[in-house]
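Since the structure comes first, as structure tokens, the remarks are kept for the end.
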Amino acid sequence: MDKYIQCFKNALQMEDENVIKSLNYRDAGWDSVAHMVLMSEIEANFDIMLDTDDVIDFSSFNKGIEILKKYDINL
């Protein structure tokens, strides 16, 4: 989970883990550019390649956890 949270910290330049855990797309600077940075962070840190549909569906912190389960990553 720490690695996942760190991806959000790096991509969105945020430090508050409580805020990060409640984030949804379009909150706190999570725009389309930050979204692509976040996807790159996740792919690099978890050594995966996200499907295009998963990149599009990745709309919140919690949805991301659900999506990563498809890649055998349990947070």
message: Please check this pair: side chain of D31 against backbone of V33, looking for a donor-acceptor N/O pair closer than 3.5 Å.
response: yes

message: Once you measure the plane-to-plane angle for F8 and F61, does it fall in the parallel (<30°), tilted (30-60°) or perpendicular (>60°) bin?
response: tilted

Identified side chain to side chain contact (heavy atoms under 4.5 Å, CB included) counterpart of F58 within the set H35, E66, K63: H35

CE (M49) with more than 12 external heavy atoms under 6.0 Å: no

task: Test side chain to side chain contact (heavy atoms under 4.5 Å, CB included) on E41 and Q6 and set out the steps.
output: CA-CA 9 Å; E41 285 280 333; Q6 191 62 46; over 6 Å; no

- line: Rounding to 0.5 Å, atoms CG (L50) and CD1 (I56) come to a distance of 11.5 Å

query: Taking the six-membered ring for Trp, is the centroid-to-centroid distance between Y71 and F46 below 6.0 Å?
result: no

Minimum heavy-atom distance G29-A34, with the two atoms named: O-CB, 3.5 Å

query: Would you say the side chain of K3 lies within less than 4.5 Å of the side chain of L75, judging by non-hydrogen atoms?
result: no

query: In terms of hydrophobic clustering (I, L, V, M, F, W, Y; side-chain heavy atoms under 4.5 Å; direct or indirect links), are V37 and W30 co-clustered?
result: no

field: K69 NZ: over 12 foreign heavy atoms closer than 6.0 Å
entry: no

- prompt: N18 and D16: which non-hydrogen atoms are nearest, and at how many Å?
  reply: N-OD1, 2.9 Å

task: Under the side chain to side chain contact (heavy atoms under 4.5 Å, CB included) rule, what do N24 and S59 come out as? Steps first, then yes or no, please.
output: CA-CA 6 Å; N24 293 303; S59 59; over 6 Å; no

- prompt: Is any side-chain heavy atom of I48 less than 4.5 Å from a side-chain heavy atom of L68?
  reply: yes

- prompt: About how many Å separate CG of N62 and CD1 of I67, when rounded to the nearest 0.5 Å?
  reply: 11.0 Å

message: Rounded at 0.5 Å granularity, tell me how far CG in N45 sits from CG in D2.
response: 12.0 Å

- request: State the CE-CG distance between M1 and N74, to the nearest 0.5 angstrom.
  value: 10.5 Å

field: Other residues, nucleotides, ligands: >12 heavy atoms within 6.0 Å of D47 CG
entry: no

